[in-house]
Trainee: 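To start, I am sharing the structure in question, which I have written as structure tokens.
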There are 2 protein chains.
Amino acid sequence: MTGKREAKRQKLRDDLLQSAVQRIAADGLGKLRARDLATDVGCALGALYNVFADIDDLVLHVNSLTLQALGAKLSRAAQDGAVARPADQLVALSHAYLDFAIANPNSWAALFDHQMPEGAQVPEWHLNEHAVLFIHILEPLTVLMPNLSPEDGAMTARGLFSAVHGVVSLGLQHRFSAVPADNIRSMLTLLIGGFAKSAAA
Amino acid sequence: MTGKREAKRQKLRDDLLQSAVQRIAADGLGKLRARDLATDVGCALGALYNVFADIDDLVLHVNSLTLQALGAKLSRAAQDGAVARPADQLVALSHAYLDFAIANPNSWAALFDHQMPEGAQVPEWHLNEHAVLFIHILEPLTVLMPNLSPEDGAMTARGLFSAVHGVVSLGLQHRFSAVPADNIRSMLTLLIGGFAKSAAA
DNA sequence: AAAGGTTATTGAACGCCGTTCATATATTTG
DNA sequence: CAAATATATGAACGGCGTTCAATAACCTTT
């Protein structure tokens, strides 16, 4: 009867992760509390630090799940529009991104609101997971701009994502004043469609 | 010999504001501490709360100064390029925005990193100050797209700013990996120039 | 100029936070 | 079953923004 330690450890890890996922989705990253998580899963406060380095480590794993869900959504959009013209594919991707942000506002915001403490770096394994944000942009982009070097292609894909993210992010934020979703959608169409049109010419 | 109270009050307000400006510029919003500010200006910890509602109120006033400086920079860029074609004016504005962000990374980041506590709303006077972000975009945009209604024009100007902000923000962030400034500049030229080109057609 | 009323200043104390660590408990190994 | 090893516990720590009763400064009135 061996391996019971590891099993309990994994269960605790997973319980804490699920609790954090739900709390972030419900209340946002800013209201995540170590004591609430411990209460949720019925463990002592200190137990959290046996299975995660700290709260930031736990948040990284929540964000990892969010990125996977977002990646799946973008993959679906890319597949559905694979027969469309490159410009329309790019617009469809941006709309899918907007849809995800609207459907999962707190989890999505946590991806960008979270900051590593002090001098700590985001670990490599999590950095690489961000590729899902750019990867589907690359294919229609290279059709549109065949002369782009691989480096410039990656850079441009990243830039396009950044532009879309800016429009979605500031549009949904109540910072200035919230913009109706349809207006954000139109703006994405105008911006990305316009870019594609001029790039193709 | 009257008015000494108000004079001291104003001096304390201004000293705290200047201290906060410098600390945010030097260390970033995340490391701003009420106790550090009190030490800087040589007042008691509680004195801060006589002249500002709380730390967030103080940060709002710091951001107000930053927005004024940014507005001045954008105004200069708009005036310098007033004779250029609308597309080039828009690109010049985006480059000026990038330059400001690079020159004042922490103060600029504080504009967007700061979040009001709990249910508190950003006060009207500060909301209105954000107009400087969009105002200079509107003129070249209406030349470029004369058929835009005032509402759609404002919305599109805001969207363009959001896109530029996204490119600059994610580009400068060390989140994924920092992008060289010249690449960000090229991306802005490509994006905004492309948008303008297709809008004019 | 002195007294009385009003406002500002002070800093110890409060409540909340993430994190730690000696101690108690559970699991594995010999 | 006992010794060795790893985990679980929750009180305690240090740091944070904020409060508040007591003290000091200022203004007004006489």
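All figures in this text were calculated on a predicted structure; none of them were measured in a lab. All chains are named by letter (A, B, ...) in the order of the sequence lines, taking the proteins before the strands, and each is independently numbered beginning at 1.
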Trainee: Run the salt bridge (charged side-chain N to carboxylate O under 4.0 Å, His left out) test against B:D40 and tell me which residues pass, sequence neighbours left out.
Mentor: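 For B:D40 the salt bridge (charged side-chain N to carboxylate O under 4.0 Å, His left out) partners, ignoring immediate neighbours, are B:R23.
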Trainee: Just checking B:L45: base, sugar-phosphate only, or nothing, at a heavy-atom cut-off of under 4.0 Å?
Mentor: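 Touches a base.
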Trainee: Could you state the atom-to-atom distance from CG of A:D36 to P of C:dT19 in whole Å?
Mentor: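 Whole-Å distance recorded here is 14 Å.
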Trainee: Using whole Å, what does the distance between atom P of nucleotide C:dC17 and atom CD of B:E118 come to?
Mentor: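 Atom CD in B:E118 sits about 12 Å away from atom P in C:dC17.
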Trainee: Classify the ring geometry between A:W108 and A:Y97 as parallel (under 30°), tilted (30 to 60°) or perpendicular (over 60°).
Mentor: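 Perpendicular: the ring planes of A:W108 and A:Y97 meet at over 60°.
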Trainee: Between the main-chain N or O of A:D99 and the side-chain N or O of A:R185, is there a donor-acceptor pair closer than 3.5 Å?
Mentor: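 Checking the backbone N and O of A:D99 against the side chain of A:R185, no donor-acceptor pair under 3.5 Å is found.
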Trainee: Let me test you: for the helix from C:dG5-D:dC26 to C:dG30-D:dC1, what is the angle between the axes at its two ends (five pairs each), rounded to 10 degrees?
Mentor: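 Computed angle between terminal axes is 10°.
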Trainee: Decide, yes or no, whether a salt bridge links A:E118 with B:K31 under the criterion of side-chain N to carboxylate O below 4.0 Å.
Mentor: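 Yes, A:E118 and B:K31 are salt-bridged.
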Trainee: Check the distance between C:dC21's P and A:L48's CG and give it to me in whole angstrom.
Mentor: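 The answer, rounded to whole Å, is 16 Å.
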Trainee: Do A:S64 and A:H126 meet the criterion of a side-chain donor-acceptor pair at a distance under 3.5 Å?
Mentor: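 A:S64 vs A:H126: no donor-acceptor pair found between side chains.
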Trainee: Rounded to whole Å, how long is the line connecting atom CG of A:D57 with atom C1' of C:dG18?
Mentor: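 After rounding, the reported distance stands at 14 Å.
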Trainee: Restricting to side-chain contact (heavy atoms from CB on, under 4.5 Å), what partner residues turn up for B:R85, sequence neighbours left out?
Mentor: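 Here the qualifying residues are B:D88.
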Trainee: Keeping A:N104 on the side-chain end and A:F100 on the backbone end, is there a donor-acceptor pair under 3.5 Å?
Mentor: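 Here the side-chain-to-backbone pair exists.
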Trainee: Extract from the structure each pairing of a protein N or O with an N or O of nucleotides 3-8 of chain D at less than 3.5 Å, listing the distance.
Mentor:
unit_1: D:dA6; atom_1: O4'; unit_2: A:R5; atom_2: NH2; d: 3.2

Trainee: Hey, could you give me each pair passing salt bridge (Lys or Arg N to Asp or Glu O under 4.0 Å) that has a residue in residues 60-78 of chain B? Not counting sequence neighbours.
Mentor: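 For residues 60-78 of chain B, and leaving out neighbouring residues, there are no salt bridge (Lys or Arg N to Asp or Glu O under 4.0 Å) pairs at all.
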Trainee: Rounded to whole Å, please give me the gap between OH in A:Y49 and C1' in C:dT20.
Mentor: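 About 9 Å, once rounded to whole Å.
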Trainee: Under 3.5 Å, is there a donor-acceptor pair between the side chain of B:S19 and the main chain of B:D15?
Mentor: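 Not a single qualifying donor-acceptor pair exists.
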Trainee: Which ones in residues 18-35 of chain B lie close to DNA chain D, meaning a heavy atom under 4.0 Å from one of its atoms?
Mentor: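 Within residues 18-35 of chain B, the residues near DNA chain D are B:L32, B:R33, B:A34, B:R35.
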Trainee: In a check of side-chain contact (heavy atoms from CB on, under 4.5 Å) between B:S162 and each of A:I184, A:V167, A:V164, which one passes?
Mentor: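 That would be A:V167.
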Trainee: Between atom CG in B:L37 and atom C1' in C:dT10, what is the gap in whole Å?
Mentor: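 Result: 17 Å.
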Trainee: When the distance from CG of B:D56 to P of D:dC16 is rounded to whole Å, what number comes out?
Mentor: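 So the CG-P distance, B:D56 to D:dC16, works out to 16 Å.
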Trainee: How are the rings of B:H165 and B:F112 set to each other: parallel, tilted or perpendicular (split at 30° and 60°)?
Mentor: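 It falls in the tilted class, 30° to 60°.
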Trainee: Please report, rounded to the nearest Å, how far the P atom of D:dT19 is from the CZ atom of B:F52.
Mentor: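 Those two atoms, CZ and P, are 16 Å apart.
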